[in-house]
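These notes concern the structure reproduced below.
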Amino acid sequence: MMSKPRIATKAPAALALALLLGACSLTPVLEKPLPPVPASFGGLANSPPEAGTGADLGWKTMFGDPRLQSLIDLALKNNRDLRLALLNVQAVRAQFDIQDSARLPTLTANAGLTRQRSPAGEGTAASVSSQKSAGLSISAFEIDLFGRVAALSEAAFARYVASDASRRAAQIALVGAVADAYFAQRLAEEQLLLTESTLADWQRSLELAQQLKAARQRSGLDVAEAEGQVATAQADREARLRAVALAGNALDLLTGVHAPAGLPKGVALDKQPVLVQLPAGLPSDLLSRRPDIGQAEQGLVAANADIGAAKAAFFPQISLTANLGYASPSLSGMFDSGQRVWSFAPQITQPLFNHGKLHSELRLAEVRKSAAVVEYEKAVQTAFREVADGLAGRATYGRQIEAQSRVVQSAERRLALSRLRYDAGQDSRLELLDAQRLLYAAQQNLLELRRNEFGNAVALYKALGGGLRSGAEGA
């Protein structure tokens, strides 16, 4: 009677010792590569460290237009791509939970009833017997002596963190995409207004040319030139109408719903409260700010853990199946001490010959880690390039818009003088048409430059890792 309890206590002791030995790990120490970028953004102005970066700004601070803020809110709630990214995170988290559960034994409760009829024999009558049982069991639990299961769990967790970083990157991209689409819509609407105003002016000029020709004060050439000018403006108007419709469709797709009627009125491009002079900080800030870099880094962690799992596969795998319970022909006496049963079945498996399969799996894991290093370095370089491009735009767009504004003012003065000279008969209508076209083109270019400046600010904001927070209060 004393031997059974002694043997029963040895099994948990052996299991505990094996679990302690499971701390052994063959996963190599991960050395993250140095960022393959300069320590500063070249000759472009960097903000001092105490100034923070554009990522510290919430998108409501970055974009002050109330209508744009409402559209971003709608997109964050209804965009299908963002929903899909969140579902992907939940799926990868479930995969990690499944993998991590293998680190601990699975305990199963079981109960059974067996009834059996024995046939009659010489001197014995037929009989019916029954056996009832109940117990707890552990089935094929791998004792992780060499860290294979732990490495697989580490890789699964890194992939979960990477998926969450992907979700945050999707949110940043969505905020930027809504802002870009909104500014494209504002540009199309203002270009349409300019085109319609210009078309009305040129139609009046055509009517005047027709009247002068009827009075034999101008030739048919003036009328033909005016007709061509009006047709050009009419073609431009159709293009602007199409651009307005396409921009609206793009916004509907991004927000996930059609824009409600009660949204605030949009702000004109020349009065947009957009922060265009964003502090950039230092290149090292990108490593902690950019979710895509974090995603690439976690991919490297996962690939490194896969190497540990591949190395551990060369060593013996120990699995344990155990059962502790009671069995008795009668239910009333089944849980008596004399009815106790147990089994303890450890198993060791050692690979001997598999045609190089394990070596190939290790080489594959090492190649995938090398690829993950390249992907990480590429993500850092891409981030550096995007910030540098944004800083180049930040440094030049303001001066370019100022110069283009002077071009518009000069074209307005030329048109006024040309109209006076034409009315006085000192210039031909061709001179007046050139002045009108020059002003129209200059005004269109100014609108496009303003929209491009906002687009550059949006790109820089995204490149710095901004767009995760709505304001200073939090995410």
Side-chain angles (χ1 to χ4, degrees), residues 29-42 44-63 76 82 85-86 88-89 92-93 96 154-155 157-176 179 275 277-305 369 371-392 394 456-475:
V29 177
L30 177 61
E31 296 182 0
K32 189 168 63 175
L34 295 175
V37 294
S40 64
F41 294 106
L44 302 172
N46 298 329
S47 58
E50 62 271 14
T53 72
D56 297 322
L57 300 172
W59 52 260
K60 287 187 177 180
T61 304
M62 176 68 184
F63 308 113
L76 293 176
L82 194 58
L86 179 58
N88 287 337
V89 173
V92 178
R93 175 58 199 238
F96 161 67
E154 180 184 357
F157 181 75
R159 292 187 174 97
Y160 159 63
V161 176
S163 69
D164 187 62
S166 175
R167 189 268 311 166
R168 292 185 285 118
Q171 178 177 325
I172 292 175
L174 177 60
V175 170
L275 299 179
Q277 296 298 320
L278 295 176
L282 299 172
S284 58
D285 295 332
L286 298 178
L287 301 181
S288 59
R289 302 287 189 178
R290 295 260 305 212
D292 57 338
I293 294 180
Q295 181 182 0
E297 182 178 347
Q298 291 302 316
L300 178 56
V301 172
N304 188 67
K369 179 184 176 181
V373 170
V374 174
E375 290 176 356
Y376 173 79
E377 292 176 337
K378 181 181 178 181
V380 174
Q381 289 178 329
T382 300
F384 182 89
R385 181 262 173 97
E386 290 175 353
V387 173
D389 287 351
L391 292 177
R394 185 189 71 174
N456 180 80
V458 172
L460 180 57
Y461 184 58
K462 292 192 299 181
L464 294 172
L468 289 174
R469 305 187 308 163
S470 60
E473 70 280 359

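Keep in mind it's a predicted model, so treat the numbers as computed, not measured.
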Which heavy atom of [X] sits nearest a heavy atom of [Y], and at what distance?
X	Y	result
Ala165	Gly294	CB-C, 4.3 Å
Pro33	Val373	CG-CG1, 3.9 Å
Ala85	Ala170	CB-CB, 4.2 Å
Leu287	Pro35	CD1-CG, 3.7 Å
Val175	Gly467	CG2-O, 3.6 Å
Ala280	Val387	CB-CG1, 4.4 Å

Practice problem: Can you measure from CD (Glu375) to OG1 (Thr382) and round to the nearest 0.5 angstrom? | Solution: 11.0 Å
Quiz item: When rounded to the nearest 0.5 angstrom, what distance separates CG in Leu82 from CG in Leu174?
Solution: 6.0 Å
Quiz item: Under the side chain to side chain donor-acceptor pair (under 3.5 Å) rule, what pairs show up with a residue in residues 163-172, not counting sequence neighbours?
Solution: Asp164-Arg167
Practice problem: Hey, could you give me each pair passing side chain to side chain donor-acceptor pair (under 3.5 Å) that has a residue in residues 292-302? Not counting sequence neighbours. | Solution: Lys32-Glu297, Arg290-Asp292
I'd like to check the side chain to side chain contact (heavy atoms under 4.5 Å, CB included) partners of [X]; sequence neighbours left out, ordered by chain and number.
X	result
Ala169	Pro291
Ala379	Ile293, Ala296
Ala179	Phe63, Leu68, Phe183, Val458
Pro36	Glu377, Val380, Gln381

Quiz item: Heavy-atom distance under 4.5 Å between the side chains of Leu391 and Arg394, does that happen here?
Solution: yes
Self-check item: side chain to side chain contact (heavy atoms under 4.5 Å, CB included), paired with Tyr461, selected from Leu57, Asn456, Leu275
Solution: Leu57
Practice problem: Would you please name every residue forming a ring-ring contact (aromatic ring centres under 6.0 Å, His included) with Tyr376, sequence neighbours left out? | Solution: none
Quiz prompt | Within 6.0 angstrom of Phe157 CZ, more than 12 heavy atoms from elsewhere | solution = no
